[in-house]
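Heads up: the structure comes next, in structure tokens.
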Amino acid sequence: MSFELPALGYAFNALEPHIDAKTMEIHHGKHHQAYVTNLNNALAGTPAENMAIEEICKNISKYPVAVRNNGGGHYNHSFFWSLLKVDGGKPSASLASAIDAAFGSFDEFKTKFAAAGTGRFGSGWAWLTFTDGKLVISSTPNQDNPIMDIAEVKGTPILALDVWEHAYYLHYQNRRPDYIAAFWNVVNWDEVSKRFAEASK
Ligand code: MN3
């Protein structure tokens with residue numbers, strides 16, 4: 001058994017004009033595929049080749065850096081695709097009140113999350129994570145994520161944003177803040193709310 005590229009679940013152009021079809025096609029079919037291929041190569045013949053990617057991430061400090069980078073890449077992108085949708089609803093009542101409790105208001109949350117994305121120097125991710133009974137915003141370098149044992153802020157991620165240049169450069173060039181602003185139009189809040197409900201029960 002080996003890891004496989006999950007289907008996107010929607011068309012490459014489904015998120016236009018906010019995220020363009022060419023970016024989605026290359027991001028999913030080339031970048032994510034490369035993480036999957038390199039993860040399989042890195043784990044071939046080891047006991048971990050049959051493990052769930054979550055279990056590998058939780059113990060990532062025990063693995064070579066190729067597993068950290070490509071296993072993280074596989075987990076993060078699989079998660080990210082599921083969070084994107086045009087007309088993706090709005091936060092559930094319980095998620096909305098948890099956001100207000102943690103950040104003051106929904107607008108404050110968006111400002112702080114965007115700041116985590118713009119403030120990440122180089123390549124990485126912004127995260128909204130449920131941990132110790134509350135929501136926190138963080139960012140990680142490269143393909144690290146909050147379920148990794150090496151993460152500064154650990155917990156169950158419920159929202160993620162890829163801020164690698166490959167996620168936006170074709171359409172937005174150097175304008176990462178514009179990409180992040182557009183991201184709010186394609187958040188699948190129904191999915192985020194579902195993940196929050198599971199994490200917080
Ligand atoms: Mn990416």
Side-chain angles (χ1 to χ4, degrees), residues 2-43 53-54 56-57 60 63 65-86 88 113-129 137-148 150-153 156-188 191-192 195:
S2 58
F3 295 97
E4 290 180 4
L5 182 69
L8 198 53
Y10 42 83
F12 293 129
N13 66 359
L15 307 173
E16 289 197 342
H18 312 292
I19 303 179
D20 65 286
K22 196 67 180 173
T23 294
M24 290 302 293
E25 184 180 351
I26 295 171
H27 200 175
H28 178 261
K30 303 293 184 188
H31 290 279
H32 190 173
Q33 180 63 64
Y35 298 124
V36 171
T37 300
N38 293 334
L39 177 63
N40 285 331
N41 290 340
L43 291 178
I53 189 60
E54 289 81 0
I56 293 170
C57 286
I60 205 67
Y63 292 89
V65 69
V67 176
R68 176 170 166 178
N69 289 339
N70 294 290
H74 177 43
Y75 174 88
N76 294 351
H77 287 84
S78 302
F79 182 52
F80 185 50
W81 309 136
S82 77
L83 303 170
L84 302 177
K85 191 182 184 183
V86 168
F113 187 89
T118 52
R120 166 53 55 189
F121 184 78
S123 298
W125 292 74
W127 302 93
L128 178 63
T129 295
I137 289 168
S138 67
S139 79
T140 55
N142 304 314
Q143 298 295 354
D144 289 357
N145 65 51
I147 69 171
M148 289 182 171
I150 47 84
E152 247 174 76
V153 176
T156 305
I158 65 166
L159 179 65
L161 176 59
D162 187 343
V163 295
W164 282 58
E165 283 189 347
H166 69 223
Y168 62 86
Y169 205 86
L170 282 181
H171 187 72
Y172 294 99
Q173 291 82 47
N174 59 316
R175 303 187 308 278
R176 188 189 287 186
D178 291 357
Y179 158 71
I180 295 175
F183 165 71
W184 298 116
N185 295 305
V186 293
V187 175
N188 186 347
E191 178 66 24
V192 178
R195 289 178 181 270

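Atom set for the values below is all heavy atoms of this structure, side chains included, hydrogens, waters and symmetry mates excluded. Numbering of residues begins at 1 and proceeds along the displayed sequence. Read the numbers this way: they start at 1 and go in the same order the structure lists the ligands and their atoms. Keep in mind the model is a prediction, meaning the values are calculated, not measured.
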* **Main-chain N/O of T23 paired to D20 side chain as donor or acceptor, under 3.5 Å** => yes
* To do: Decide, counting backbone as well as side-chain atoms, whether H32 has an N, O or S atom less than 2.8 Å from the Mn ion (ligand 1).
  => no
* So, R176 side chain and G117 main chain: donor-acceptor pair closer than 3.5 Å or not? -> yes
* Asked: Under 30°, 30 to 60°, or over 60°: which ring-plane class applies to W125 and H77, parallel, tilted or perpendicular?
  -> perpendicular
* How wide is the angle at the Mn ion (ligand 1) between NE2 in H77 and NE2 in H166, to the nearest 10°? -> 140°
* From CH2 (W81) to NE2 (H32), nearest 0.5 Å -> 7.5 Å
* Output the atom name for the N/O/S atom of D162 with the smallest distance to the Mn ion (ligand 1). => OD2
